[in-house]
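Chain letters run A, B, ... following the sequence lines, proteins first and then strands; every chain starts at 1. Quick note: numbers below take in every heavy atom, side chains included, and nothing from hydrogens, waters or symmetry partners.
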Amino acid sequence: MKKMLLVDGNSMLFRAFYATFMRPMSTSTGIPTNAIYGFAMMINKAVQIIQPDAMLVAFDKGKHTFRHELFAEYKGGRKETPEALVEQFPIAREYLEAAGIKQFEMTDIEADDIIGSMIKKYPDWDINVLSSDRDMLQLIDDTTSVWLMKKGISDIEEMTVASLKEKMGITPDQIRDLKGLMGDASDNIPGIPKVGEKTALKLLEQFGTVENLIANTDQLKGKLKENVEAFQAQALLSKKLATIKTDVEIPFETEEFAFHITPEPLRQFYVRYEMNSLANKLDSEIQQQAETNTPDIPALTITEVQRCPQTLMQDNAVLVLDQDQPSVYFADVHGLALAYAGQGVYMTIENVRQDENLLDYLAGEKTKIVYDVKACLHLADRAGLTLNGMRIDSMIAAFLCDSTLTSDQKIREKFGFNERVTMDEVYGKPGKMKLPEPQLHQQLCAQKIQLIDKLWKDSEPKLNEMEMRALFYEVEMPLASVLYKMEKEGIRIDGQTLDDIARQTQARLDELTDAIYAAAGETFNINSPKQLGEVLFDKLGLPTSGKKRSTSADVLEKLLGIHPIIADLLEFRKYQKLYSTYAEGLKKYIHPDGRIHTIYNQCATQTGRLSSTEPNLQNISVRDEQSREVRKAFLPSEGNVLVASDYSQIELRMLAHMADEQGLLEAFRHAVDIHTKTASDVFQIPLDQVDAQHRRQAKAVNFGIVYGISDFGLSQQLDISRAQAKEFIERYLQSYPNISKYMDQVIEFCQEHGYTATMLGRRREVPEIHDKNYMTREFGKRAAMNAPIQGSAADLIKLAMIRIDKALAEKGLKSKMILQVHDELIFDALPTELDALCAVIQEGMEHAMELKVPLVAETKVGKTWYEAK
DNA sequence: GAGCTCACG
DNA sequence: ACGTACGTGAGCTCC
């Protein structure tokens, strides 16, 4: 359905004027512009949310015969329009003219009547009315919603039949009755004296309409009865006056108000009236638009051939595999495309297998340029092809140059790359596959080639300029191959153990459900935070902490002693998670080989860490004793053992090194427990007198430092006052002055350059640091403090992984590295190789970088992941 | 599809 | 006056 945006011009201008009243704005020549500014902000917001196909702004015209002014005696109540606003009316017209937005007025007709009639005229449109006048709510129906201004100048709220019912308990029709009873001072509608909104709503709930109320005044009593009876005629007339007309002849058609913003005249308007922030915002929108609308590179045509021409088998040719569904573990490869210097071919997989020269080229050392090398390797494996020379992954390159490019979607957006053909169109959706349309899969490949080409042309020079060549060629690309091997190897899973956990967990959940229903006195969906909130805070009357009706574990924990339902809820939550995410959830991912093959995403995080999906094996329970049992389902291959090795305090070591903080460096060199050391320094007590409580608090401070400290965050974490948290932080920064200096330096650098960098030169963009909003800016600072620490630790373990992979190959060990969990590596190990393997791991992890602190990796061995932790 | 909640480092 | 600890992914509810 097409969307129409109808704006009540007068009401919005009034609202804009008063909303910006405290912040007077004017041009250097003294023309007031605050209302225009607010008006433009509101319209921008509405356009952005609604994205209308057609738009019209209606204004009132004709001063003396508005229907509400038939009540001459109330006319005095109508306030004079302030002069500063009057001046801005013509400017608002100018603004709309410049923006290319249609405006309309009719002699002696009010804006709301125009809007009402528009709705009647276009029943097939999805109509959105923007107003600050609640009168308009009477226009709501199945295809019409009214967007009301909330507080501020760009906060709007959609009102529909349902939300009106929910908020006020009435139908759109009853808005007129409401006004009839309570009146509307701003519109000179008197209503019934002493009847305000509350009384009016109550009366409507009981009687439905003004007419019905008047017919049943015998059910009322006291003053209210007197007033209703005395002013019944006035109530009826008021209702009539509050009724918006829908029968005004609209003398134009939709083509005339189709919505196309005209950016250039609008920009000139903003400049003329010195509204710089709006001008800048528009500029960036225009630029963004230009980027997304960049005409696609002329379609590359690739021809299908039976044998690949030798001219294409070059260094730096672009290679695309034609897969029929997104999952690299289940997709079939139907063919491949190869392109070089503007020439491209497509070959079916059968023809590829016949072409000895091509097979040699694919398995050879000439460099290929691809998108998502890990996926290519999996696909090639499934197709029985050997690939080598996979040295350039354009996705990774683009991501290194711009850390915000964490999805295919974002890459395509940035590079203005609109898909002409999608995988779904060619092959159908997984589970509902179809035979590929002839020709279409060639287009699909051609399109991928063009994207790859564009990405690499853009990224290659940037990698040089940004000094990330080594990070790309020597870390990320080799790592991709290592990750591919880990994914392919996977980890063996004992489905029986998962079944057992599921069964036991289910039984406990049933018991807890009964107990919770009993305590609540009703059945409800415990998994619904909304319903749970109603039970806890409304029905049981438990106190809410702060303003929010949050039901999260930390809030519930504070209520533990107050009501027995809380303990059951916390336990329910725990087992619900264990059941659905881990026991049942993981089972879905066991492949026919009895193993789980996660996928590591190398381009998912802002800091340079990996992420793990389908399933996420980086968040398997460990902290809770019962939930930790899932780890018993993670097994080594038959006859093997699992080896897990994790870095000790890696982020704090990295921080001590980067900040060159002697106090911390010394502690690490002497293997002093770092949280105890911090407690001793912060609380100024000797090392041997630090108790568990001090250590716990110091540990939280250390975490805080790594996360980009804030007194609020720390106070929240430790459940102490903000003042006290602040004191802890100050003491910490005094004790470790170089940490303080380092943090300042990182923030300063980020403010100047807009990004931070890790030990290996990996960048994180932090645009928030320049945001005008205080909160956002503070977030930018914390992110800037954290990114080099978290990111450098990620750099370190990546180096370790590459080193270990290489050493395993060189030493001819058959044990495999299979998982990475940020500061931990897990191996599927032959018992006979244990000593050699542990030596390789220790050397690889502890000497991946040489820092001012020793790096320590602790290794454990077990028959399951549970035992090896 | 967004928001809440919770699992991990 | 504002309302926050950093980085992820998945399952659930509800619009």
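Rounded to whole angstrom, the span from the CD atom of A/Gln820 across to the P atom of C/dT8 amounts to 14 Å. Between the CE atom of A/Met785 and the P atom of C/dA5 there is a distance of 14 Å, given to the nearest Å. Taking atom CD on A/Glu778 and atom P on C/dC6, their separation rounds to 11 Å, with Å as the unit. When the P atom of C/dA1 is taken as reference, atom CZ of A/Phe712 falls 16 Å away, rounded to whole Å. If you take CD1 of A/Ile526 and C1' of C/dG11, they are 16 Å apart, rounded to a whole angstrom. Atom CZ in A/Phe572 sits roughly 16 Å away from atom P in C/dG11 (whole-Å rounding). Rounded to an integer number of Å, the gap from A/Asn702 CG to C/dA5 C1' is 14 Å. Taking atom CD on A/Gln606 and atom P on C/dC6, their separation rounds to 13 Å, with Å as the unit.
For A/Glu824, the salt bridge (charged side-chain N to carboxylate O under 4.0 Å, His left out) criterion is met by A/Lys869, not counting sequence neighbours. Judged as a ring pair (Phe, Tyr, Trp, His ring centres under 6.0 Å), and not counting sequence neighbours, A/Tyr589 has no contacts. Among residues two or more places apart in sequence or in another chain, the ring pair (Phe, Tyr, Trp, His ring centres under 6.0 Å) test is passed with A/His591 by A/Tyr329, A/Phe330, A/His597.
Toward the 5′ end of DNA chain C lies the nearest nucleotide of A/Arg782, the other residue of the pair A/Arg782 and A/Pro615 mapping further downstream.
The aromatic ring centres of A/Tyr732 and A/Phe728 sit 6.0 Å or more apart. You'll find the ring centres of A/Tyr866 and A/Phe634 outside the 6.0 Å limit.
Using a 4.0 Å heavy-atom criterion, one finds that A/Ala794 contacts no nucleic acid atom at all. A/Asn525 comes within 4.0 angstrom of sugar-phosphate atoms only, judged by non-hydrogen atoms across all strands, and of no base. Using a 4.0 Å heavy-atom cutoff across all strands shown, A/Gln717 reaches at least one base atom of the nucleic acid. No engagement by A/Arg628 is indicated, since no non-hydrogen atom pair under 4.0 Å with the nucleic acid exists. Within the nucleic acid shown, A/Ala700 comes within 4.0 Å of at least one base atom, counting heavy atoms only.
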Result block: side-chain N/O donor-acceptor pairs under 3.5 angstrom for residues 789-802 of chain A, not counting sequence neighbours:
residue	atom	partner	partner atom	Å
A/Gln790	OE1	A/Thr607	OG1	2.7
A/Gln790	NE2	A/Asn786	OD1	3.3
A/Ser792	OG	A/Met759	N	3.0
A/Ser792	OG	A/Pro788	O	2.6
A/Asp795	OD1	A/Arg762	NE	3.0
A/Asp795	OD1	A/Arg762	NH2	3.0
A/Asp795	OD2	A/Thr758	OG1	2.6
A/Asp795	OD2	A/Leu760	N	3.1
A/Lys798	NZ	A/Glu476	OE1	3.4
A/Lys798	NZ	A/Glu476	OE2	2.8
A/Lys798	NZ	A/Gly608	O	2.8

Given protein heavy atoms under 4.0 Å, the one-letter contact record of nucleotides 2-9 of chain B, with B base, S sugar-phosphate only and - none, is simply --SSBBBB
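Taking the charged nitrogens against the carboxylate oxygens, A/Glu629 and A/Lys632 do have a contact shorter than 4.0 Å, which makes a salt bridge. Salt bridge annotation for A/Lys587-A/Asp499: present, with a cationic side-chain nitrogen under 4.0 angstrom from a carboxylate oxygen.
The phosphate of C/dT4 (OP1 or OP2) has no side-chain N or O of A/Ser710 nearer than 4.0 angstrom. For C/dG7, the OP1/OP2 oxygens have a side-chain nitrogen or oxygen of A/Arg764 closer than 4.0 Å. The phosphate of C/dC14 has OP1 or OP2 within less than 4.0 Å of a side-chain N or O from A/Ser528.
Within residues 766-777 of chain A, the residues approached by DNA chain C to less than 4.0 Å at the level of any non-hydrogen atom are A/Tyr774, A/Met775, in residue-number order.
Here B/dC8 sits opposite C/dG7 as a Watson-Crick or G-U wobble pair (both hydrogen-bonding atom distances under 3.5 Å). The base-pairing partner of B/dA2, taking Watson-Crick or G-U wobble contacts with both distances under 3.5 Å, is C/dT13.
Between the side chains of A/Ser627 and A/Ser621, not a single donor N or O lies within less than 3.5 Å of an accepting N or O.
The C1' atoms of C/dC2 and B/dT5 are separated by 25 Å, rounded to the nearest whole Å. As rounded to the nearest Å, B/dC6 and C/dG3 have C1' atoms that lie 22 Å from one another.
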Under the salt bridge (charged side-chain N to carboxylate O under 4.0 Å, His left out) rule, what do A/Lys410 and A/Glu413 come out as? Steps first, then yes or no, please.
CA-CA 5 Å; A/Lys410 285 176 185 154; A/Glu413 272 169 23; over 6 Å; no
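In this structure, A/Leu498 CG and A/Ile590 CD1 are separated by 5.5 Å, a value rounded to the nearest 0.5 Å.
The A/Lys530 side chain lies nearest to C/dC15 when the options are C/dC12, C/dG7, C/dC15.
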